Enquirer: 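Could you have a look at this structure, given as structure tokens, before my questions?
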Amino acid sequence: MSDETTTGLNNRKILMWVFLGSDCMFFASLIGTYLIYKGMGLPHPGPSDVFDIPTTSVSTFVLLMSSMSMVFAYAYLVRSNIKAFRIWMISTIIMGATFLGFQIFEFSEFYFHDHLSPQTNLFGTTFYALTGTHGIHVTIGVVWLGIIFYSSLFRNTVSAKTNLDLDLAALYWHFVDIVWIVIFAVVYLFGTFKGFPS
Amino acid sequence: MVTNQKNKINKSDIHEHNHPSVITYFKVAIALISLTALEVVVYYFDWLGYGIIPVMAVLSIGKFAIVVMYYMHLKFDSKLFTYLFMAGLILAMVVILWLMALFGWFK
Amino acid sequence: MTTIPLKLPFKIDLSRPVNPTGIWDWITTIDHKKIGVLYGVTAFLMFITGGIEALLIRTQLAGPEMKIIAPDVYNQLFTMHATTMIFLGVMPLSAAFFNYIIPLQIGARDVAFPRLNAFSYWTFLFGALIMKSSWFLGGSPNAGWFGYAPITTTTFNAGHGIDFWVVGLQVLGVASLAASFNFIVTIINMRAPGMSFMRLPLFTWMTFITAILLVLAFPVITVALIELMLDRTFDFNFFNTRAGANPLLWQHLFWIFGHPEVYILILPAMGIVSEILPTFSKKPIFGYAAMVLAAAFIAFMGWLVWSHHMFTTGLGPIANSVFTITTMLIAIPTGVKMFNWLGTMWGGNIEFNTPTLFSVGFLSMFLIGGISGVMHSFSASDYQQQDTYFIVAHIHYVLFGGAIFGIFAGIYYWFPKITGRMYDEKMGKLNFWLMFIGQNLTFFPMHFIGMQGMPRRIFTYDANMGWAFWNGVETFSAYIIAFGVLFFIINMLKSWGNGPKAGDDPWDARTLEWSISSPPPVYNFLDVPKVEALDDFWVKKQKGLSKIKSKTKPKDIHLPQASYWPMLASLGLAIAGYGIIYNLVVCGLGIAMLLITVCAWSFEPVNEPDAH
């Protein structure tokens with residue numbers, strides 16, 4: 001959309017940034033809830049019982065790399081290198097799906113092996129709600145990227161000229177990544193650090 | 001096409017923003033991996049005690065910042081986007097910290 | 001054109017509507033003016049239902065130990081009255097004005113995202129229907145408009161009433177968020193050339209600030225509602241005290257939203273009054289920049305005061321003191337605005353017509369509400385006032401005497417612009433005086449009985465309490481208000497069809513919406529205005545430059561095309577909502593419908609290439 005606008009900036013791009021600012025408040029409320037309830041209620045299963053930091057570090061790494069892959073996809077689209085764009089796009093989607101795979105694996109481990117469900121205790125409730133909401137955000141992102149990838153293959157509507165569509169999806173994707181950066185640090189690392197005096 | 005404005009005014013700063021090179025993006029990725037690795041390593045340093053909090057904060061904020069500034073392009077785009085996003089981000093941080101205080105985190 | 005023939009007696013044409021007429025026009029419209037009218041009419045009808053709920057409450061309280069309304073119905077009545085008035089009344093009435101007036105005031109042809117705008121309306125309508133349908137589907141929510149947990153959990157509230165509240169509010173929240181995103185981008189990015197931020201009409205400024213508050217506040221209540229919904233539907237433990245949950249979590253999340261919400265409720269009305277007083281004082285607003293700064297300061301400070309709603313929950317002296325101080329501070333920018341409105345009128349050539357009367361009514365009533373607000377701000381005195389009728393008095397002075405009076409002022413002020421006809425001034429004044437007298441006689445005595453200890457949310461009271469006299473006065477006066485509203489309705493119905501023609505600028509006003517015809521053409525402006533000053537239209541009128549012939553032909557102006565998808569997407573969301581309450585499979589179907597329609601919407605261009 002190349003409408004003439006007051007600031008010269010695109011309406012949809014401004015919309016995306018306002019939305020992301022708003023989404024910060026959404027995740028803040030969930031993270032706030034998690035922190036308020038940390039250490040309360042039935043202590044077991046608790047973070048130290050279930051978290052496997054090495055595994056989660058790998059999934060975190062995968063999500064971070066998907067951001068890199070996303071940014072390459074955009075850079076190549078803008079330079080009209082559609083082939084490279086598609087390669088990096090599919091990498092991003094695969095890495096995003098891999099992250100989701102890790103999440104599903106983790107959830108099922110917690111649920112079946114450790115008997116931690118949302119109903120078990122406050123930790124289960126707040127953990128599943130926060131990471132589940134993040135996971136839904138990632139899923140929406142993967143679907144969105146998938147639709148763009150599909151469009152580039154079958155609908156001929158993805159080109160350097162329409163790079164704004166990808167730009168918007170990329171912004172959303174990176175946001176989902178930075179929320180995970182916070183969750184990984186606050187929930188996983190801070191939550192199970194063994195150095196706090198007890 | 002929707003024709004909404006006949007004339008452009010006050011074309012505020014950037015319409016043609018600088019694109020960082022692919023190399024820069026790669027460097028950011030290396031930084032992200034390193035910072036994450038550092039976070040995980042430091043996590044095992046039990047001797048840090050409460051010191052883990054500022055260390056983790058610095059590392060996470062560092063990762064957060066480079067993704068936002070470089071990958072999300074905020075450093076190179078119009079300041080308007082920065083204001084819009086920062087409004088939400090800062091308010092979010094204030095609310096979390098204030099809630100934590102009200103629930104006895106900082107006694 | 002893609003026509004899908006079905007085996008029906010009539011053909012259904014599923015192609016994109018081109019210049020639809022009749023009811024299809026209203027269903028598929030993306031024109032901000034039509035959407036504004038839809039909002040206004042729907043919201044007003046909801047306002048009437050909220051008023052009926054209020055009259056039932058007042059009737060039950062007219063005398064001691066009356067048995068007109070059973071206690072459990074009474075609980076539903078006060079819950080629905082407040083929820084209706086706030087979310088289905090004041091907010092969408094304000095939204096009606098945002099929709100109709102903002103593009104006109106900034107010199108734009110429409111909002112930034114016309115289909116998203118339509119989606120906001122339809123989502124609001126469905127949210128309202130979900131909420132109100134609770135009356136007929138087994139019982140309405142009964143735990144107050146603020147729904148404190150754990151009384152709203154299934155442990156203490158097993159029926160579907162609270163589910164309607166939780167789902168309805170989330171749907172309404174989506175509507176409000178969508179609208180606010182739209183207005184933020186519109187006001188930033190669709191202003192006419194020369195319309196800098198400091199040349200925006202104050203109504204537009206207040207809308208902008210309100211929208212920013214909204215997009216930051218609604219996510220918080222959305223999380224609270226989702227948490228409650230997870231508890232109720234899937235047995236999560238957010239508010240399960242047996243699992244160790246803290247009831248204060250709900251209160252904090254709710255009021256972190258709830259306090260900015262009250263500024264969301266009042267700022268638009270303040271904006272309306274800021275348009276009306278200068279127009280009918282024939283003077284510019286006193287201290288334009290101060291008005292903008294004061295509003296920004298109110299919006300900022302509004303985030304720092306929320307626990308003044310929780311002074312009696314045992315937060316401790318430090319928290320109570322901090323929130324007392326921040327709450328007192330927020331009175332200051334409000335005071336600045338008060339003085340500026342008075343300063344606007346001072347020395348002006350004032351015309352006391354209906355909009356002016358309602359605006360002056362707003363000033364005086366909001367002032368009284370503000371004064372009682374300062375009395376609550378002090379945590380020590382609030383200990384006596386909290387949960388008494390003293391608070392009910394405050395609420396209604398600021399929300400009825402404030403927001404509603406401001407909205408009525410706006411309805412009368414912009415009526416000629418929207419309809420092209422003038423309302424009956426005599427009846428307007430009668431409406432005002434009945435509402436003004438009714439408001440004061442209904443709500444002022446609540447200060448007295450509140451001080452005497454009458455708690456909120458009680459369905460009756462003992463004859464020995466000494467509250468009977470004032471309760472009787474309040475009930476009688478509530479009917480005076482209703483009578484006033486009746487005259488309003490008659491005036492509107494009579495004048496919309498048959499009122500005298502109003503002309504483009506019947507008030508000799510100051511802002512751009514008065515420079516075009518009444519009602520405006522579908523494209524708003526033949527030529528996008530070039531703005532050179534604050535109150536540009538007024539300035540141009542003084543220079544004799546306001547009537548310049550345009551060379552543009554209307555048919556050369558391209559406007560966004562109508563679309564089915566916004567309404568269908570809203571419908572999907574509504575189906576999902578009912579599904580959460582009754583049947584999760586239906587919920588899944590609703591979500592699927594939402595996702596499919598949103599995809600179709602995003603693939604649909606703003607205009608079809610072959611359509612005009």
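Computed from a predicted structure; not experimentally measured. Just so we're on the same page: letters track the sequence lines, and every chain starts at 1.
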Enquirer: Pick one of side chain, backbone, both or neither for C:Ile212, based on which atoms fall under 4.5 Å of a heavy atom in chain B.
Expert: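 For C:Ile212, no heavy atom lies under 4.5 Å from chain B.
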
Enquirer: Select, from C:Tyr523, C:Phe323, C:Phe300, the one with the greatest count of heavy-atom pairs under 4.5 Å involving chain B.
Expert: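 Heavy-atom pair counts peak at C:Phe323.
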
Enquirer: Let me confirm one number: the CG-NE2 distance from B:Leu102 to C:His252, rounded to the nearest 0.5 Å.
Expert: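 The CG atom of B:Leu102 sits 5.0 Å away from the NE2 atom of C:His252.
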
Enquirer: Examine whether an atom of C:Ile318 lies under 4.5 Å from a heavy atom of chain B, and if so say whether it belongs to the side chain, the backbone or both; otherwise answer neither.
Expert: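 C:Ile318 has no heavy atom closer than 4.5 Å to chain B.
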
Enquirer: Taking the six-membered ring for Trp and the full ring for Phe, Tyr or His, determine whether the centres of B:Trp98 and C:Trp306 are under 6.0 Å apart.
Expert: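 Aromatic pair counts; centres sit under 6.0 Å.
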
Enquirer: Tell me, side chain or backbone of C:Asn246 under 4.5 Å from chain B's heavy atoms, or both, or neither?
Expert: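 Just the side chain, heavy atoms under 4.5 Å.
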
Enquirer: Is there side-chain contact between C:Trp303 and B:Val94, with heavy atoms separated by less than 4.5 Å?
Expert: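 SC-SC contact between C:Trp303 and B:Val94 ruled out.
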
Enquirer: Return the option, out of C:Val220, C:Leu304, C:Leu315, with the maximum number of heavy-atom pairs under 4.5 Å with chain B.
Expert: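 Among C:Val220, C:Leu304, C:Leu315, the one with the most close pairs to chain B is C:Leu304.
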
Enquirer: Check this for me: C:Phe197, atom CZ, are more than 12 non-hydrogen atoms of other residues, nucleotides or ligands nearer than 6.0 Å?
Expert: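 Counting other residues, nucleotides and ligands, CZ of C:Phe197 exceeds 12 neighbours.
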
Enquirer: Would you compute the distance between atom CG of C:Leu216 and atom CD1 of B:Ile90 and round it to the nearest 0.5 angstrom?
Expert: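 Going from CG on C:Leu216 over to CD1 on B:Ile90, the span is 11.0 Å.
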
Enquirer: Give a yes or no on this: more than 12 heavy atoms of other residues, nucleotides or ligands lie within 6.0 Å of atom CZ of C:Phe603.
Expert: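 Yes - once you tally the heavy atoms of other residues, nucleotides and ligands closer than 6.0 Å, there are more than 12.
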
Enquirer: Could you look at C:Val322 and say if it's the side chain, the backbone, both or neither that has a heavy atom under 4.5 Å from chain B?
Expert: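 Only the side chain of C:Val322 comes within 4.5 Å of chain B.
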
